[in-house]
Chemist: 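Before I ask anything, here is the structure I am working with.
In what follows, every chain begins at residue 1, and chains take the letters A, B, ... in the order their sequences are listed. The figures here come from the full heavy-atom set of this structure, side chains too, leaving out hydrogens, waters and symmetry mates.
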Amino acid sequence: MASGSGSLMWFRKGLRIHDNPALEYASRGSAFVYPLFVIDPHYMEPDPNASSLGSTRSGINRIRFLLESLVDLDLNLKKLGSRLLVLKGEPGEVLIRCLKEWDVKKLCFEYDTDPYYQALSNKVKDYASSAGIEVFSPVSHTLFNPADIIEKNGGKPPLSYQSFLKLAGEPSWASSPLSIDLSSIPPVGDVGSFEISQVPTLKELGYMERDQDELTPFRGGESEALRRLKESLSDKEWVANFEKPKGDPSAFTKPATTILSPYLKFGCLSSRYFYQCLRDVYKNVKKHTSPPVSLVGQIRPLQLLWREFFYTVAFGTPNFDKMKGNKICKQIPWNDDDELLAAWREARTGYPWIDAIMVQLRKWGWMHHLARHCVACFLTRGDMFIHWEKGRDVFERLLIDSDWAINNGNWLWLSCSSFFYQYNRIYSPISFGRKYDPNGNYIRHFLPVLKDMPKEYIYEPWTAPLSVQTKAKCIIGKDYPKPVVSHDSAIKECRRKMGEAYALNKKLNGLVSEEDLKSLRRKLVTSQLKTLATAPCRSAARTAPLRFQSHISPSPAASLLVRHFSAESVADTAVKKKVEDVMPIATGHEREELEAELQGKKILEDVNFPVGPFGTKEAPAVVKSYYDKRIVGCPGGEGEDEHDVVWFWLEKGKPHECPVCSQYFVLEVVGPGGPPDGHGDDDHH
DNA sequence: CACCCTGTTGCAATT
DNA sequence: GAATTGCAACAGGGT
């Protein structure tokens with residue numbers, strides 16, 4: 001095998017001809033070159049169970065972008081006398097089969113730091129070296145080799161951007177111009193028995209024609225990337241923005257013709273070539289303007305270096321994409337609320353600014369950097385207190401430019417889990433957008449249901465008088481949702497929780513165990529209930545603590561207390577408004593439980609008090625109910641494990657874990673089923 | 001006196 | 001407007 005005269009060029013990212021050292025090396029001194037891309041069905045083929053249109057791993061926009069990039073790559077290869085070979089299957093297996101069967105002496109592919117590609121590369125490299133095949137895997141996706149920077153820093157990645165910049169200095173390749181043009185590529189060799197296909201269309205992959213009507217404005221491919229780069233380099237303001245980071249408000253609505261991040265992600269555009277072009281522009285422009293000549297050399301496209309920063313930290317940090325086992329990540333007792341998460345993901349939080357951004361994510365697969373900040377903050381430490389990993393997953397799926405290191409890095413950043421720690425600074429879902437776009441054009445564009453809402457109300461439409469809502473043909477609660485959380489109270493609660501979590505992390509020197517988190521969670525829920533109970537401004541609230549006590553103390557033997565609303569307990573809106581004020585964090589089911597308490601609703605006491613062993617995941621506590629869902633209160637286990645009662649809704653077929661003691665519950669319907677009477681948002685009389 | 005390690009302090013942090 | 005971190009600079013002590 002090793003005696004062969006051909007090279008295999010394995011494309012993964014780096015879907016380009018220009019500045020492609022692996023391709024260049026493959027071409028040099030070879031009689032044949034096999035340019036190969038392997039389509040992984042998990043990444044490309046439709047998954048009907050996925051949370052959005054697309055495959056198991058990717059939304060449809062990025063799949064489309066990748067296909068377009070491959071078509072363009074094939075075209076550009078053809079211009080140089082070659083073509084792209086497309087095979088389907090598990091990439092590692094396919095590669096090894098190719099190396100076995102084809103006449104290959106060199107295997108070339110761009111080095112990649114993502115864990116997925118590291119594992120894949122190692123597998124293939126192991127085989128290649130055992131078969132005596134030379135492997136060439138240059139660093140060309142990033143400006144620097146992350147391993148070099150980490151070594152320079154004594155084996156640890158720098159944890160601040162500034163220290164990274166100092167460490168990084170100038171990239172080693174920057175002293176001589178990059179090789180951009182490849183004049184020709186040796187022909188493709190004999191492919192033997194392999195069934196080589198063309199780049200498939202979405203339809204051929206199994207997507208329906210109608211699946212394709214939600215178009216992103218980004219067309220994939222190297223040609224488009226270079227065209228955009230050329231066009232953008234003549235835009236002074238655009239260029240300046242890569243030197244000095246600053247918010248660009250107009251970018252929220254401006255047509256996305258200058259966006260390059262998706263092209264960097266797939267390597268349609270070389271970050272190194274991009275860097276070189278920007279430096280050339282600076283040289284020419286700055287010569288005539290202010291800074292002294294000695295400073296010209298120091299002007300760098302700082303924006304591009306953020307990418308390098310995250311690549312470096314990500315590469316040097318085990319479990320970078322998780323909270324647990326991640327040394328640089330604060331351990332925080334995030335909530336697990338699937339309904340709030342769904343509201344966020346599906347753009348129905350009731351905050352138009354947030355929802356518009358989430359619609360743009362779904363439709364375009366791209367949003368402005370600051371827009372990402374807003375929704376990430378909202379999901380995590382700002383309002384919903386949901387785990388950043390959940391938000392990360394949504395971005396990873398839907399963003400075209402989604403990049404493992406950068407995406408995880410930014411979620412760590414925005415959730416105040418790492419890099420950035422000022423958790424008191426919370427983006428307002430109302431005033432932040434208004435500051436840049438007072439008329440709400442961005443919202444009107446992505447949420448047409450609000451397009452006729454006057455600008456005074458468009459950022460908080462639930463405050464609009466009914467007459468205004470009617471005139472705008474948008475009734476809040478019907479045509480567009482009410483806010484799922486009250487921002488004012490949510491931020492207070494989030495700040496409190498972050499403060500407690502930070503204190504715990506500090507006390508335990510970052511070594512926070514799962515048990516520690518659990519007991520913090522217990523403490524937080526308990527004090528939340530106490531805050532609520534002692535809230536002075538409502539008559540119902542004043543009676544609440546008594547109710548709590550009276551239900552816990554009479555039967556210490558009972559491990560469960562079950563409550564159910566009577567039919568006549570109907571919400572009264574005046575009370576509801578008050579609840580908004582009192583509720584520390586009014587969210588989803590949690591909110592309903594608390595609301596129920598506050599309103600001092602009439603409760604049927606007769607229903608069963610299931611007594612039994614502590615409910616575990618394997619053997620959950622069974623709660624009987626006349627209907628498909630009911631309120632259940634968990635007082636914890638016996639003795640020491642006892643805690644203040646925590647209320648939650650238990651639904652048929654949906655096991656629930658008590659947030660405090662982790663006890664599991666399931667519902668058994670013993671009555672007629674269906675929704676319980678006298679409850680629900682659409683009640684009226 | 002040079003060198004290394006540890007602890008303290010002050011500063012700055014992409015919007 | 002408050003508040004946390006990483007890190008550079010400095011100080012001290014031991015060898």
Side-chain angles (χ1 to χ4, degrees), chain A residues 143 149-150 152-169 237-254 261 278 298-314 316-317 320 323 326-332 353 357 367-378 380-382 405-407 409-429 431-437 442 488 491-492 494-512:
Chain A
L143 305 174
I149 309 248
I150 290 168
K152 261 195 205 173
N153 197 39
K156 284 185 161 193
L159 292 177
S160 80
Y161 181 52
Q162 291 306 328
S163 67
F164 167 82
L165 286 181
K166 277 185 195 147
L167 224 46
E237 198 189 325
W238 186 90
V239 170
N241 193 43
F242 271 88
E243 180 197 327
K244 279 214 180 82
K246 65 166 192 249
D248 181 2
S250 64
F252 287 111
T253 45
K254 127 171 135 192
S261 54
L278 284 168
Q298 290 179 26
I299 296 165
R300 291 195 281 172
L302 293 179
Q303 290 284 53
L304 253 182
L305 292 167
W306 276 99
R307 181 170 173 270
E308 303 292 316
F309 171 62
F310 284 127
Y311 264 94
T312 305
V313 191
T317 308
F320 186 70
M323 178 175 86
N326 182 348
K327 275 219 160 74
I328 66 164
C329 180
K330 286 245 182 294
Q331 304 298 304
I332 294 167
W353 172 244
I357 295 167
M367 319 88 100
H368 187 269
H369 188 58
L370 288 183
R372 299 181 195 199
H373 282 208
C374 289
V375 293
C377 178
F378 188 89
T380 57
R381 67 184 169 85
I406 302 171
N407 193 28
N410 276 313
W411 277 97
L412 283 164
W413 184 295
L414 273 136
S415 63
C416 281
S417 298
S418 200
F419 309 115
F420 175 80
Y421 307 96
Q422 288 175 275
Y423 57 82
N424 278 309
R425 289 199 174 166
I426 292 172
Y427 289 96
S428 164
S431 47
F432 185 87
R434 182 143 59 196
K435 182 167 68 188
Y436 294 122
D437 178 15
Y442 176 80
D488 287 341
I491 56 174
K492 282 186 198 127
C494 284
R495 281 179 175 140
R496 196 176 65 84
K497 288 177 178 168
M498 289 299 284
E500 295 268 8
Y502 266 44
L504 185 68
N505 277 268
K506 196 170 201 168
K507 195 177 107 191
L508 300 178
N509 215 351
L511 299 168
V512 182

Chemist: Nearest nucleotide by nearest heavy atom, which residue falls closer to the 5' end of DNA chain C, Arg495(A) or Pro158(A)?
Modeler: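 The answer here is Arg495(A).
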
Chemist: CE of Met498(A) versus P of dT5(C): gap in Å, rounded?
Modeler: 11 Å

Chemist: Mind calculating the distance between CD (Gln162(A)) and C1' (dA13(B)) to the nearest angstrom?
Modeler: 8 Å

Chemist: Check the angle between the aromatic planes of Trp413(A) and Phe420(A) and answer parallel, tilted or perpendicular using the 30° and 60° thresholds.
Modeler: parallel

Chemist: Parallel, tilted or perpendicular for Phe242(A) and Trp238(A), by the 30°/60° rule?
Modeler: tilted

Chemist: Write down the distance between CD1 (Ile426(A)) and P (dT4(C)), rounded to a whole number of angstrom.
Modeler: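 Ile426(A) atom CD1 is separated from dT4(C) atom P by 14 Å.
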
Chemist: Rounded off to whole Å, could you give me the CG-to-C1' distance for the Asn424(A) and dA13(B) pair?
Modeler: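 So the two atoms are 16 Å apart, to the nearest Å.
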
Chemist: At under 4.0 Å, does any side-chain N or O of Lys330(A) touch on OP1 or OP2 of dT4(C)?
Modeler: no

Chemist: Would you classify Lys435(A) as touching base, sugar-phosphate or nothing, given that sugar-phosphate means primed atoms plus P, OP1 and OP2, and contacts are heavy atoms under 4.0 Å?
Modeler: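 Counting heavy atoms under 4.0 Å across all strands, no contact is made by Lys435(A).
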
Chemist: Look at the side chain of Tyr421(A) and decide which nucleotide, out of dC7(C), dG6(C), dA3(C), has an atom nearest to it.
Modeler: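 Nearest nucleotide to the side chain: dG6(C).
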
Chemist: Taking the side chain as everything from C-beta on, heavy atoms only, tell me whether Trp353(A) gets closer than 4.5 Å to Asp437(A).
Modeler: no

Chemist: Counting only side-chain heavy atoms from C-beta out, which of dG1(C), dG6(C), dA3(C) sits nearest to Leu159(A)?
Modeler: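 Closest nucleotide to the Leu159(A) side chain: dG6(C).
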
Chemist: Rounded to whole Å, how long is the line connecting atom CG of Asn509(A) with atom P of dG6(C)?
Modeler: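 Answer to the nearest Å: 11 Å.
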
Chemist: Have a look at Phe419(A) and tell me which of Phe164(A), Trp306(A), Phe310(A) forms a ring-ring contact (aromatic ring centres under 6.0 Å, His included) with it.
Modeler: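 For Phe419(A), the ring-ring contact (aromatic ring centres under 6.0 Å, His included) test succeeds with only one of Phe164(A), Trp306(A), Phe310(A), which is Phe310(A).
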
Chemist: To the nearest Å, give me how far apart NZ (Lys166(A)) and P (dA12(B)) are.
Modeler: 11 Å

Chemist: I want to verify a distance call: between dT5(C), dC7(C), dG1(C), whose nearest atom is closest to the Ser160(A) side chain?
Modeler: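 Between dT5(C), dC7(C), dG1(C), the one nearest the side chain of Ser160(A) would be dC7(C).
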
Chemist: Who does dA3(C) pair with, Watson-Crick or G-U, both distances under 3.5 Å?
Modeler: none

Chemist: Across the strands shown, which category fits Tyr161(A) at heavy-atom distances under 4.0 angstrom: base, sugar-phosphate, nothing?
Modeler: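 Sugar-phosphate, backbone atoms only, no base.
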
Chemist: To the nearest angstrom, how far is Lys156(A) atom NZ from dT5(C) atom P?
Modeler: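 It is 16 Å, rounded to the nearest whole Å.
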
Chemist: Can you tell me which nucleotide in dT5(C), dT4(C), dA8(C) comes closest to the side chain of Ser163(A)?
Modeler: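 Nucleotide nearest to Ser163(A)'s side chain: dA8(C).
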
Chemist: When the ring centroid of Phe378(A) is compared with that of Tyr427(A), is the distance short of 6.0 Å?
Modeler: no

Chemist: Which listed nucleotide (dA3(C), dG1(C), dT5(C)) is nearest to the side chain of Arg425(A)?
Modeler: dG1(C)

Chemist: NZ of Lys506(A) versus P of dG6(C): gap in Å, rounded?
Modeler: 10 Å

